[in-house]
Undergrad: 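Right, I'll just put the structure down here and ask away after.
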Amino acid sequence: MSDPRSNRKSLFAGAALALGILLLVSVNLLGNSVLRNLRVDLTEDKLFTLSDGTKDMLSTLEEPLLLRFYMNQNLANEFPSIRDYGRRVRDVLAEYAAASSSKISLEILNPEPFSDTEDDAVSFGLQGVPVDAAGDRLYFGLVGTNTVDEKSVIQFFRQEREPFLEYDLTRLIYEISTVTKPVVGVVSSLSIYGGPGNPQVGEPAYKPAWAVITQLEQMFQVRQINLDMGPVEEDVDILMLVHPNNLTGIARYEIDQFVLRGGRALVFVDPLSEESAKTPDPDNPLAPKNSTLPDLFKAWGVELVPGMLVADARAAQRVQTSDQGRSVVLPYLPWLSLELPNFNPEEVATSQLGRVTMRSAGRLEPVADSEVAFVPLIQSSPESMMLERFYVQFGGNPTALLDRFEAQGIPYTLAARLHGIVDSAFPNGPMKDEDSTSGSDSTPEPLGELPDNHISQSTEPINVVVVSDTDMLVDSTWVQTQQFMGRALTIPMADNGAFVANVLELLGGGANLIGLRTRGTGLRPFKVVDELQREAEALFRETENGLQERLEETEKKLSEMRSGGGINLEILSEEEETTIAAFQNDLLNIRKQLRDVRHELRKDIEGLGTILKVINIGGIPILVGIIAIFVSLLRRRHRRRALAMLQ
């Protein structure tokens with residue numbers, strides 16, 4: 001006879017199992033409908049989480065946009081790094097579509113060879129990369145269009161740009177959602193737009209505009225403006241100030257109000273403008289050719305250290321000079337050639353610069369107790385010191401400057417980004433121009449009554465970039481001019497123009513683009529494997545180097561015996577033949593040992609990598625399995641005890 005209690009337990013277990021299956025199906029169906037848009041980003045660098053700036057821009061889109069993502073999935077599968085990066089791009093694009101309140105439509109397209117989709121990709125200007133002998137091309141790009149068919153394209157998602165993925169995508173959407181190019185208003189006391197030259201010193205009769213202006217005119221609407229004529233025009237997005245010395249009180253006030261209203265500014269000041277020094281003031285030839293905006297800078301939370309230049313032994317450019325009648329090449333400390341370690345890797349404007357050159361640059365410092373964020377963009381190396389302007393102003397001697405040099409062990413900021421809420425530098429309105437005969441402690445008086453539209457505090461956090469050198473914009477600092485078929489071609493020798501364009505592009509995109517930062521990549525290397533590889537290489541390289549030295553020595557001896565030393569190779573004694581044979585055998589043995597060492601090196605490294613990968617990949621499932629078995633045994637033991645107590 002069957003035990004009634006056992007039958008009831010079986011019935012109860014069956015009902016519980018059925019109820020569990022029903023509950024599981026219900027939860028899945030409910031989750032698929034209700035939690036469809038729920039996403040959790042568990043990556044270390046939040047690779048799939050959009051920044052607040054991107055979300056703000058997406059929330060203000062006024063027209064529908066279409067994003068077409070082209071990628072040959074089958075071809076990409078043959079390249080694991082591209083396949084994984086493509087998966088990340090696709091997922092991030094899905095985040096953009098989800099955060100746009102249905103303003104962005106996303107199409108995933110597979111441009112198979114010789115298909116209509118591939119023809120569309122080519123017509124949009126996407127770049128196909130040949131991947132096999134058959135001529136098949138891998139497409140991995142994005143096309144964004146708006147309702148009037150204006151487009152912006154990422155021709156190919158290069159992996160070196162992966163940290164900038166969000167910036168590139170946000171910029172693309174900004175371009176197709178904005179009708180006009182940003183307007184850049186230029187104010188400069190230098191002949192940045194060209195002008196009459198001096199043929200007596202080798203200049204043309206009329207000098208052309210600087211290369212940086214020519215470059216910017218291809219990307220922005222650039223115009224010269226006069227700040228003394230009244231407020232900055234409403235359509236001007238960015239002010240670019242280059243060597244703003246002797247600005248009137250009205251001009252400085254208009255800059256202040258423009259920035260407080262939300263306008264962005266790129267300011268180039270200089271403790272010593274070498275370009276300006278070429279045309280000294282005939283009334284005061286000893287006057288320093290410097291520029292700064294102390295009243296505005298104080299309000300913005302930044303200071304240019306007065307009368308001092310940055311000298312950097314590590315970044316100094318080498319120049320040819322004479323020393324005691326001899327021609328020598330020495331580092332000239334005030335002329336800087338700044339490279340990767342000098343750039344802020346977290347700022348989009350500087351993270352991919354190669355080299356920026358500066359001449360007689362100054363030091364920027366944050367004002368004490370200021371609440372404005374001071375973000376360094378470019379810094380000198382720690383092998384720097386501050387140098388008084390006097391030693392360079394009238395032709396610095398490279399040898400004398402080296403004799404005075406003493407590294408201070410700290411980097412100095414040469415360019416910085418400012419961000420924060422600020423008060424007006426002119427709370428009483430525009431000031432009268434200072435009298436040149438008055439003392440330095442004199443305080444300018446207000447020009448008149450406070451204007452009705454005066455702004456006393458910024459309506460939003462300001463966005464200003466300050467650079468402590470103006471000579472970096474001069475053609476001779478960063479480009480070379482060559483004649484080609486009667487035309488003058490400028491060839492960049494440094495990234496000065498790229499830096500200016502990057503900053504203006506960010507400022508032109510507003511706070512949403514400016515606030516974007518670089519992200520990590522989806523690639524996660526096995527760091528322990530890499531460390532073990534380095535240790536293994538060091539161990540085997542020592543043996544390899546010893547064998548390599550023996551190999552070279554043996555080959556040298558054998559070569560000497562064959563080619564010289566008075567030995568006639570046609571008539572050899574038995575002893576000489578034995579010696580040569582021994583050298584040849586030794587040579588073969590050393591080469592064999594060398595091959596074995598290299599083989600062992602490769603085998604050991606691959607073995608270490610395999611072991612750790614197995615641990616990382618298979619360790620967790622094995623551990624979970626062991627825990628499950630342990631829990632099952634405990635439950636079985638507990639069930640047996642319960643049955644024993646019932647009986």
Side-chain angles (χ1 to χ4, degrees), residues 36-51 54 67-99 104 106-113 115 117-118 121 124 126-132 136-144 153-173 345-346 348 351-352 516-533 605-606 608-621:
R36 180 184 298 272
N37 295 324
L38 180 63
R39 295 171 172 86
V40 180
D41 188 355
L42 300 179
T43 58
E44 179 181 357
D45 296 319
K46 299 300 179 183
L47 301 179
F48 303 95
T49 301
L50 303 183
S51 66
T54 295
L67 300 182
R68 298 181 178 94
F69 176 52
Y70 290 86
M71 184 175 181
N72 313 72
Q73 193 59 55
N74 293 335
L75 295 179
N77 288 337
E78 300 178 8
F79 304 92
S81 59
I82 294 180
R83 177 199 61 203
D84 296 340
Y85 186 26
R87 186 181 298 118
R88 183 192 167 194
V89 172
R90 185 174 62 248
D91 292 342
V92 172
L93 287 173
E95 292 294 324
Y96 274 78
I104 293 180
L106 176 63
E107 292 183 0
I108 309 297
L109 302 171
N110 184 13
E112 296 181 351
S115 65
T117 306
E118 183 184 44
F124 280 125
L126 297 189
Q127 179 183 355
V129 178
V131 294
D132 54 29
D136 293 340
R137 291 179 174 269
L138 171 63
Y139 291 89
F140 182 23
L142 181 70
V143 178
V153 176
I154 297 177
Q155 294 181 337
F156 196 93
F157 285 99
R158 294 174 296 149
Q159 288 181 276
E160 60 267 25
R161 293 281 305 175
E162 185 175 359
F164 313 96
L165 176 60
E166 184 183 6
Y167 170 76
D168 290 340
L169 296 177
T170 301
R171 183 181 62 177
L172 180 144
I173 293 174
E346 297 182 358
V348 175
S351 55
Q352 285 204 322
L516 295 184
R517 297 291 172 271
T518 60
R519 301 288 187 96
T521 68
L523 179 62
R524 286 293 178 266
F526 287 93
K527 296 181 179 179
V528 177
V529 172
D530 294 340
E531 183 62 30
L532 290 176
Q533 283 181 340
I605 290 175
E606 291 176 353
L608 291 170
T610 301
I611 292 172
L612 282 176
K613 288 176 182 177
V614 168
I615 293 174
N616 277 276
I617 297 173
I620 296 299

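Remember, it's a predicted structure, so these values are computed and weren't measured experimentally.
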Undergrad: If every non-hydrogen atom of Q159 is compared with every non-hydrogen atom of Y85, which pair is closest and at what distance?
TA: CG-CD2, 3.8 Å
Undergrad: Heavy atoms only: give me the nearest L50-A99 pair and the separation to one decimal.
TA: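 Looks like CD1-CB, 4.1 Å.
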Undergrad: Measuring from Q73:CD to L109:CG, what's the distance to the nearest 0.5 Å?
TA: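 Reported value, rounded in 0.5 Å steps: 12.5 Å.
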Undergrad: Determine the interplanar angle of the F156 and F140 rings, folded into 0 to 90°, and report it as parallel if under 30°, tilted if 30 to 60°, perpendicular if over 60°.
TA: perpendicular
Undergrad: What's the verdict on side chain to side chain contact (heavy atoms under 4.5 Å, CB included) for F157 and D168, showing C-alpha distance, side-chain angles and the deciding distance?
TA: CA-CA 10 Å; F157 285 99; D168 290 340; 5.8 Å; no
Undergrad: So Y139 and T117, do their side chains get closer than 4.5 Å, heavy atoms only?
TA: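 SC-SC contact between T117 and Y139 ruled out.
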Undergrad: Check whether any side-chain heavy atom of V153 lies under 4.5 Å from a side-chain heavy atom of L126, and answer yes or no.
TA: yes
Undergrad: Find the distance between OH (Y70) and CD (E107) and round it off to the nearest 0.5 Å.
TA: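 Taking OH in Y70 and CD in E107, the distance rounds to 7.5 Å.
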Undergrad: At what distance, to the nearest 0.5 angstrom, does CD1 of I173 lie from OH of Y96?
TA: 5.5 Å
Undergrad: Which distance, rounded to the nearest 0.5 Å, do you find between the CG of L142 and the CZ of F69?
TA: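 The CG atom of L142 sits 7.5 Å away from the CZ atom of F69.
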Undergrad: Under a 4.5 Å cut-off applied to non-hydrogen side-chain atoms, are M71 and I82 in contact?
TA: yes
Undergrad: With rounding to the nearest 0.5 angstrom, report the CZ to CD distance, R83 to E78.
TA: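 So the CZ of R83 and the CD of E78 are separated by 11.0 Å.
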Undergrad: Determine whether N72 and N110 make a side-chain contact, defined as any pair of heavy atoms from C-beta on separated by less than 4.5 Å.
TA: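 The answer is yes, as the side chains (C-beta and beyond) meet within the 4.5 Å cut-off.
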Undergrad: For L106 and A97, which heavy atoms make the closest approach, and how far apart are they?
TA: CB-CB, 4.5 Å
Undergrad: Would R87 and D84 pass as an ion pair if we require N to O under 4.0 Å?
TA: yes
Undergrad: Rounded to the nearest 0.5 Å, what separation is found between the CG atom of L165 and the CZ atom of R88?
TA: 5.0 Å
Undergrad: Would you call L67 and L169 a side-chain contact if the rule is heavy atoms closer than 4.5 Å?
TA: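 Not touching, per the 4.5 Å side-chain cut-off.
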Undergrad: Any idea which heavy atoms bring S351 and P345 closest together, and the distance?
TA: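 That would be CB-O, 3.3 Å.
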